[in-house]
Structures are given as structure tokens and as C-alpha cells.
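The structure under discussion appears below in the form of C-alpha cells.
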Amino acid sequence: MRGRGLRENILLLAVVGTAAAAIGYCRTASADTLKWALVQAYQNNSSLNAQRAALRAVDENVPQALSGYRPKLSVTASGGYNYFRELNKSVNQQAFPNTVIYNSLGESLGTRQFGATATQTLFNGFQTANRTRQAEKPGRGRARDVARHRAASSSRRRYCLHEFAARSGDP
């Protein structure tokens, strides 16, 4: 009897040791935060990233359309150097023989020009308002399409479940 108890104890010890080793190798289950779940979705879901990129492209059109309401400023500047040289020749005819006198004058002048123009459109025939409305439409239309698709798939699912329940109830 003693031998049998020892065998049972060894077997029990082996089972407990194996279970402890298996538990040690297993990862503990942990709940992810919503932020972490979103990060994982953005990193691993290419269709989600494609939709986000398309939405960003549409959203970039709105500030461009709204720029029609903002003033426009134009600034110009130029500069440079002008060098000129002048050679004057004068003849003194009062003395004999005539003498010729040459005067040379050279100078470098710096030039600078600055200018600024600001314009504000007061009325452009509602062009800016129409462009803004047009730029905002694709985003709203896409959201409507997604909502319609979800509603249609939800109703299709309900219909399929109803049909499945009706068919499975038949003998």
C-alpha cells in the first residue's frame, strides 16, 4: 500500500508541476483600453486608414474654399546696384595750342524698392459660399452613404435571421 501511495503522490506532483509550468508560460489576460484598441485598429486595418485618408483629403478642400473670405496680401521687394561712369571732354581754345581736358566721373548707387498691396473681396457673386458648400458636401454625403449601408445591412441581417428561424422551425 505504501508503494501505491508513493506512485500517486509522484503522479500528482507531476500533474501539478506540468500545470504550473503551463500556467507560467501562458500570458495573463488583460483588458485593453479603448485608446489602445483604436491604436491597434489604425495600425492593422488598411481599409480604415484608406477611409481616414480619403476623409482628410476632402477636409482639406474646406479651408481652401473658405480662403475666399480672407484678405489677400501681396508684398514685393527689389534691390540692386547701379554703376555709372561718365567721361567729359572739354577743349580750352583760349590758349595756343588748344588743350584738351578729360574729366571722369564714376559712382555706384544702391537702389531699393518695396511695395505691399492688401485686397479684401466684398462681394464676388456668392462664389465663395458656393465653393464652401460644395467642398463640405462630399464629407456629408459619405457619412450618409455609410449610415444607409449600415441600415440596409442591418435589415438584411434581420431578414436572414427571420428566414433562418422560419425554416429551422419547419420539420
Side-chain angles (χ1 to χ4, degrees), residues 1-80 112-171:
M1 235 200 212
R2 245 176 158 211
R4 183 173 180 197
L6 183 62
R7 282 187 200 153
E8 288 177 0
N9 287 340
I10 291 174
L11 182 62
L12 181 64
L13 186 61
V15 169
V16 170
T18 305
I23 291 172
Y25 284 114
C26 293
R27 275 185 53 192
T28 59
S30 63
D32 292 333
T33 63
L34 181 59
K35 184 177 179 182
W36 179 251
L38 286 173
V39 167
Q40 289 298 318
Y42 290 149
Q43 287 177 350
N44 299 323
N45 192 338
S46 60
S47 64
L48 178 63
N49 287 329
Q51 288 298 318
R52 289 180 67 219
L55 185 60
R56 277 194 307 268
V58 168
D59 287 344
E60 288 174 4
N61 292 335
V62 175
Q64 290 177 1
L66 288 172
S67 68
Y69 290 124
R70 297 187 184 104
K72 293 170 182 57
L73 180 66
S74 172
V75 179
T76 59
S78 65
R112 289 177 222 104
Q113 294 177 340
F114 300 99
T117 305
T119 57
Q120 174 65 55
T121 304
L122 298 177
F123 182 72
N124 63 358
F126 300 110
Q127 291 178 12
T128 302
N130 291 336
R131 285 184 189 133
T132 303
R133 206 172 301 114
Q134 189 69 27
E136 289 174 342
K137 270 186 186 178
R140 280 191 262 155
R142 199 170 276 142
R144 266 196 311 267
D145 291 344
V146 169
R148 285 182 190 151
H149 175 70
R150 284 183 183 160
S153 357
S154 174
S155 63
R156 277 193 296 262
R157 260 187 256 123
R158 279 193 300 260
Y159 176 75
C160 290
L161 288 174
H162 175 69
E163 286 294 313
F164 179 73
R167 288 183 186 166
S168 64
D170 293 337

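Small disclaimer: the values here were computed from a predicted structure and weren't measured. What you see below is based on every heavy atom in this structure, not just the backbone, and it leaves out hydrogens, waters and symmetry mates.
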Could you walk me through whether L55 and R52 pass side chain to side chain contact (heavy atoms under 4.5 Å, CB included), step by step?
-> CA-CA 5 Å; L55 185 60; R52 289 180 67 219; 5.7 Å; no
S47 and N45: side chain donor to acceptor below 3.5 Å | yes
Can any side-chain N or O of T33 pair as donor or acceptor with the backbone N or O of W36 at less than 3.5 Å?
-> yes
pair N130-T132: side-chain heavy atoms closer than 4.5 Å = no
Closest heavy-atom pair, A77 versus F114, reported as atoms and distance to 0.1 Å, is CB-CD2, 3.8 Å
Taking C-beta and beyond as the side chain, do Q134 and R131 meet within less than 4.5 Å on heavy atoms?
-> no
About how many Å separate CD of Q43 and CG of L38, when rounded to the nearest 0.5 Å?
-> 11.0 Å
In this structure, are over 12 heavy atoms from other groups packed under 6.0 Å from Q113 atom CD?
-> no
Non-hydrogen atoms of L73 and A118 that approach each other most closely | CD1-CB, 4.0 Å
Determine the minimum heavy-atom distance between R70 and Q120, stating which atoms define it.
-> C-OE1, 3.8 Å
Can you find a pair of side-chain heavy atoms, one from L48 and one from Y42, that are under 4.5 Å apart?
-> yes
May I ask you to check whether over 12 heavy atoms, not counting those of F123, lie within 6.0 Å of atom CZ?
-> yes
